[in-house]
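Since this is a predicted model, take the numbers as computed values, not measurements.
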Amino acid sequence: LHSSAIGTTTKSIALYKGMPNANQVAITWAPSGDGCETAYTAYGGVVFMSSPSNAGNGYFAQFTGTQIRLFKITTGVVNPSGTSVTVSSSTMAAGSTFMVRATTATGKFEYFLNGASLGSITNTETSLASASYGGALLYGGTAVENDIEEMTFSYNAPSTDVTAPAAATI
């Protein structure tokens, strides 16, 4: 997936329509090429949409190196004000994998970089909590190009087992 440098700033959403219940999306930035420098990896992130349309409603999850962010998407437009949480500084660079796991029942979004937890944001508004089509959002502009090497989508069933295991007799 590539977002080219153009004369104006654009935001492009790409969705995978083949998995209508994706609650975990990972994107791996390309290891090299235009727009894959560390400075530009924060110009994109993961989306969860309630319908298989880039003009639908959902959420955009982003990591900037010092903050995890969650923005509402309404009719395909990212709301400019969202929720931000400061986290330990981590370097997202070309070749890094950014993953977000959404728990739709609780509205919790968990963020990971190269398999390590960055933190979480819980959405207190449940109107879009059922968002389940996954994808990516890339920014492009006059000096910004973005390349994603790979996107993976999966469904991880939430654990409902709250019973402690019985004691073992040996």
Less than 4.5 Å apart, any side-chain heavy atom of [X] and any of [Y]?
| X | Y | answer |
| --- | --- | --- |
| T103 | N23 | no |
| R69 | T64 | yes |
| V78 | L137 | yes |
| F112 | R101 | yes |
| T106 | T122 | no |
| F60 | L70 | no |
| V100 | E110 | no |
| V47 | I73 | yes |

Open item on the list: Using only atom types and a distance under 3.5 Å, with no angle test, would you say the side chain of T28 pairs donor to acceptor with the backbone of T97?
Closed with: no

Task: Backbone N/O of S50 and side chain of N57: donor-acceptor pair under 3.5 Å - done: no

Open item on the list: Could you check whether atom CZ of F153 has more than 12 heavy atoms from other residues, nucleotides or ligands sitting under 6.0 Å from it?
Closed with: yes

Supply the atom-to-atom distance [X] [atom1] to [Y] [atom2], rounded to the nearest 0.5 angstrom.
| X | Y | atom1 | atom2 | result |
| --- | --- | --- | --- | --- |
| M19 | Q24 | CE | CD | 10.0 Å |
| I68 | S90 | CD1 | OG | 10.5 Å |
| Q67 | L118 | CD | CG | 12.5 Å |
| Y111 | S120 | OH | OG | 9.0 Å |
| K17 | S53 | NZ | OG | 7.0 Å |
| F48 | L15 | CZ | CG | 11.0 Å |

Identify the heavy atoms of [X] and [Y] that sit nearest to each other, and give their distance.
| X | Y | result |
| --- | --- | --- |
| G135 | M151 | C-SD, 4.2 Å |
| G134 | A22 | N-CB, 4.1 Å |
| G56 | S51 | CA-OG, 4.0 Å |

Task: Same cluster (ILVMFWY, side-chain, under 4.5 Å), V85 and F98 - done: yes

Open item on the list: Taking salt bridge (Lys or Arg N to Asp or Glu O under 4.0 Å) as the cut-off, I'd like each qualifying pair that reaches into residues 75-96, sequence neighbours left out, listed once.
Closed with: none

Open item on the list: Tell me which one of F71, F109, Y133 satisfies ring pair (Phe, Tyr, Trp, His ring centres under 6.0 Å) with Y59.
Closed with: F109

